[in-house]
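Sharing a structure below in structure tokens format, with a few things to ask.
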Amino acid sequence: MNSTLPLIRHRALLQLEYEAEKAEYKEQSERMGLQARVRRGLCWYPIRSGRSYYNSLNQLVVEIENTEYDEDDNTCLFEYGKPVCFFRLGSDGKSHYLSHRCTVSYVEDNRRMVVVLPGSQALIDVQNSENLGIQLYFDETSYRTMFHALDDAINAKNNRLAELRDIFAGERKPQKLTFQPLSFPWLNPTQEQAVNEVLMAKDVSIVHGPPGTGKTTTLVEAIYETLHRETQVLVCAQSNMAVDWISEKLVDHGVNVLRIGNPSRVNDKMLSFTYERRFESHPDYPTLWSIRQAMRQIREQRKKGDSTHEKLSRLRDRATELEMRINASLFSEARVIASTLVGSANKVLVGHKFSTLFIDEAAQALEAASWIALRRASRIVLAGDHQQLPPTIKCFEAERQGLAETLMERIVKNVPECVTLLKVQYRMNDTIMKFSSDWFYNGQVTSAPNVKNRGILDLDIPMQWIDTSEEAEKACVSDSPENPDIQEIPEILENPEKISFEEQVMGHSHSKINKAEAQLTLTTLKDYIRKIGKEHFISEHLDVGVISPYKAQTQYLRSLIKHDDKLRPLRRHISIDSIDGFQGQERDIIVISLVRSNERGDIGFLTDLRRMNVAITRARMKLIIIGNAQTLGRHKFYRQLHEYVMKLHEETTQNKD
């Protein structure tokens, strides 16, 4: 097979995704109501503009405050590098967009944002506008960068990029160095093997890390050992959060990291290794700042016909010289350059090449994004798990035809000999882990002895499934008005004889919601906390994750907790989010609300089992699943999961007897 064909196909599918996302943005801007856009994390309104200044990269920025910040709502799609635009809300209730295209510099806790402006006129317009809001703009630049990267890979001939392309397609055999494997007593055998495979690989190596198997620990060790052999490496990931996480672990390991772009979590530790902070901390920066200020003053004060061109030219040359000197200093000191995959196209990296590229969370990155960074490297190490969250695809047709297949998946399929599976997990009770291991990893993942039997209560069953089809029957035969929890649902108050656990479609977003199931979810959580004991729950610093595949359900759950007298005092111990929001996280107790409940057996995107693998592997000690077993059980995965949990309960009951 011609190694360019998969890339040509991927490019065509990416074009479909580009057109679909552009059309979706247009629809959101023109047809979706303001409050709907706010709820979906697409915009902030109302906002207040704060101080403006030139940052260390000589960009004009303005601080923005979200004046209706809700600390319980973490639905925010703004992050570093995303394009945004400002709008005014007119008296006609419509959004009137300012013409300036701006960029997010960083976001703090969904309450404060720093935005890069294209010029002083944009600042004047923002500061003089009333009823101001800010909205995500269609990200044309990222797509353009991905298309260019794919074109480079497709057209590559007689160079390293062409060789890697052929290896990934299975047309050329990957090469390995041979040496006596190194010993790492602090790692388990498969982690040690993975590090050695990375060091031996001349072309490509994959660290396949199922949930809780210490993928990040292994990757950090592999990077650290690689730096004993190479001067500098490039470390990338799809998201800013993933880049922050691996960067922080490397810094803790004593590695000098230069982070290109601003972190998603703004704190002093994270900021201290960013390019921007390092740049302004350099001894030459005060001189550079003075020169830039002088240039701005000359431009502002010069009159028509003034001969200031020569003076400006001299200052510009001096500023360029200082910028190059600071850049050379920063890059020569850093051992790791860290950025998102798209961020690796940043102009500060122009001309930089690396022996090795590490991509973390590689199974969540579009293949096109991986090629952006690959153009800078001679070999590649990918780490991730293609049995967990895939890339987010908005175009159904592009997804159906295979756009979600990542470079990592393609290499796993074509070059299986370069894959090392991590086989010991350190997160979950063995009972919780086993179903995932059997279904997704051929039973190869086992539990470390120190977590195998971990639990919260004596004689507790680590997994529980509450079947809402049975709960609906119970509710219909009981006098539900006596149940204070059930009464909190307005629809049930109006029709107490008709307690419905049927799913509903939420308006414009078409997201699904199941209000009775949401209430049952919180009732179940309160019952379990009562069994633990509130004092014990707090003193042991136990934490809870409430997960749903649907954003509408998570938003409804948040609103219920906010008004619940028993759970409100415990809110700092409880996180509520979508499955995607819980990727890479873990909690002592996980409660999953599956939402889908209909007579057709339609479960929508719950057929993407990789998402469910993420959901059921977040719990350390207790996993509670709430869902309609009749609806979900028409799918083999959910039927077997339900049977697995029911069997646990039967065995436990028999043992007690």
(request) Could you please spell out the steps behind the side chain to side chain donor-acceptor pair (under 3.5 Å) verdict for Ser578 and Asp580? (result) CA-CA 5 Å; Ser578 64; Asp580 294 41; 4.9 Å; no

(request) Classify the side-chain pair Gln28/Gln135 by whether it contains a donor and acceptor separated by less than 3.5 Å. (result) no

(request) Supply the atom-to-atom distance Cys395 SG to Gln15 CD, rounded to the nearest 0.5 angstrom. (result) 11.0 Å

(message) To the nearest 0.5 Å, what is the distance between NZ on Lys249 and CD on Glu221?
(response) 13.5 Å

(message) For the residue pair Thr320 / Asp317, report whether a side-chain donor-acceptor contact shorter than 3.5 Å exists.
(response) no

(request) Compare every heavy atom of Val207 with every heavy atom of Val198, then report the nearest pair and how far apart it is. (result) CG2-CG2, 4.0 Å

(message) Enumerate the salt bridge (charged side-chain N to carboxylate O under 4.0 Å, His left out) contacts for residues 10-20, please, sequence neighbours excluded, ordered by first and then second residue.
(response) Arg11-Asp151

(message) Rounded at 0.5 Å granularity, tell me how far CZ in Arg40 sits from CG in Leu136.
(response) 11.5 Å

(message) Evaluate Glu163 against Asn159 for side chain to side chain donor-acceptor pair (under 3.5 Å), listing each step before the verdict.
(response) CA-CA 7 Å; Glu163 289 175 359; Asn159 59 15; over 6 Å; no

(request) Enumerate the residue pairs fulfilling ring-ring contact (aromatic ring centres under 6.0 Å, His included) with a member in residues 334-367, sequence neighbours excluded, ordered by first and then second residue. (result) Phe331-His352

(request) Determine the minimum heavy-atom distance between Ala377 and Arg160, stating which atoms define it. (result) O-CG, 4.4 Å

(request) Might you point out which heavy atoms bring Cys102 and Phe86 nearest each other, and give the distance in Å? (result) SG-CE1, 3.9 Å

(message) Is it true that Ser3 and Asp166 share a donor-acceptor pair across their side chains at a distance under 3.5 Å?
(response) yes

(request) Would you kindly say whether Tyr54 and Arg292 are connected by a side-chain donor-acceptor distance under 3.5 Å? (result) no

(message) Could you measure the distance from the CD1 atom of Ile260 to the CG atom of Leu349? Nearest 0.5 Å is fine.
(response) 5.0 Å

(message) Could you report the tightest heavy-atom contact between Arg101 and Leu98, atom names first, then the distance?
(response) NH1-O, 3.5 Å

All N/O donor-acceptor pairs, side-chain side in residues 57-64, below 3.5 Å, sequence neighbours left out:
residue	atom	partner	partner atom	Å
Asn58	OD1	Arg296	NH1	2.8
Gln59	OE1	Asn55	ND2	2.9
Glu63	OE2	Arg51	NE	3.1
Glu63	OE2	Arg112	NH2	3.1

(request) Examine Trp371 together with Phe168 and report whether their ring centres are nearer than 6.0 Å. (result) yes

(message) Listing request: all salt bridge (charged side-chain N to carboxylate O under 4.0 Å, His left out) pairs with a residue in residues 345-356, at least two apart in sequence or in separate chains.
(response) none

(request) Taking the side chain as every heavy atom from C-beta outward, state whether Arg259 and Val235 have any atom pair closer than 4.5 Å. (result) no

(message) In the structure I gave you, are the side-chain heavy atoms of Glu140 and Tyr18 within less than 4.5 Å of one another anywhere?
(response) yes

(message) Filter on side-chain hydrogen bond (donor to acceptor under 3.5 Å, both in side chains), then keep only pairs touching residues 376-398, sequence neighbours left out; what's left?
(response) Glu24-Lys394, His208-Asp385, Thr356-Arg379, Asp385-Gln388, Asp385-Tyr441, Gln388-Arg618, Glu397-Arg400, Glu397-Gln401

(request) Determine whether the side chains of Tyr143 and Glu21 contain a donor N or O and an acceptor N or O closer than 3.5 Å. (result) yes

(message) How about OH on Tyr285, more than 12 heavy atoms from neighbouring residues, nucleotides or ligands closer than 6.0 Å, or not?
(response) yes

(request) Taking the side chain as every heavy atom from C-beta outward, state whether Leu374 and Ile380 have any pair of such atoms under 4.5 Å apart. (result) yes

(request) Write down the atom of Cys236, the atom of Ala373, and the distance for their closest heavy-atom approach. (result) SG-CB, 4.0 Å

(request) State, without any angle test, whether Ser575 and Asp577 hold a side-chain donor-acceptor pair at a distance under 3.5 Å. (result) no

(request) Can you sort out the partners of Phe87 under ring-ring contact (aromatic ring centres under 6.0 Å, His included), two or more places apart, ordered by chain and number? (result) Tyr97

(request) Can you measure from OG (Ser56) to NE2 (His282) and round to the nearest 0.5 angstrom? (result) 12.5 Å

(request) Ignoring hydrogens and angles, state whether a donor on the side chain of Asn327 or Glu323 is under 3.5 Å from an acceptor on the partner side chain. (result) no

(request) Working to the nearest 0.5 Å, report the span between CD1 of Ile134 and CD1 of Ile47. (result) 5.0 Å

(message) Tell me whether Glu367 is salt-bridged to Arg410, with the criterion being a basic N under 4.0 Å from an acidic carboxylate O.
(response) yes

(message) Using every non-hydrogen atom in the two residues, find where Arg278 and Val257 come nearest and quote the distance to one decimal.
(response) NH2-O, 3.2 Å

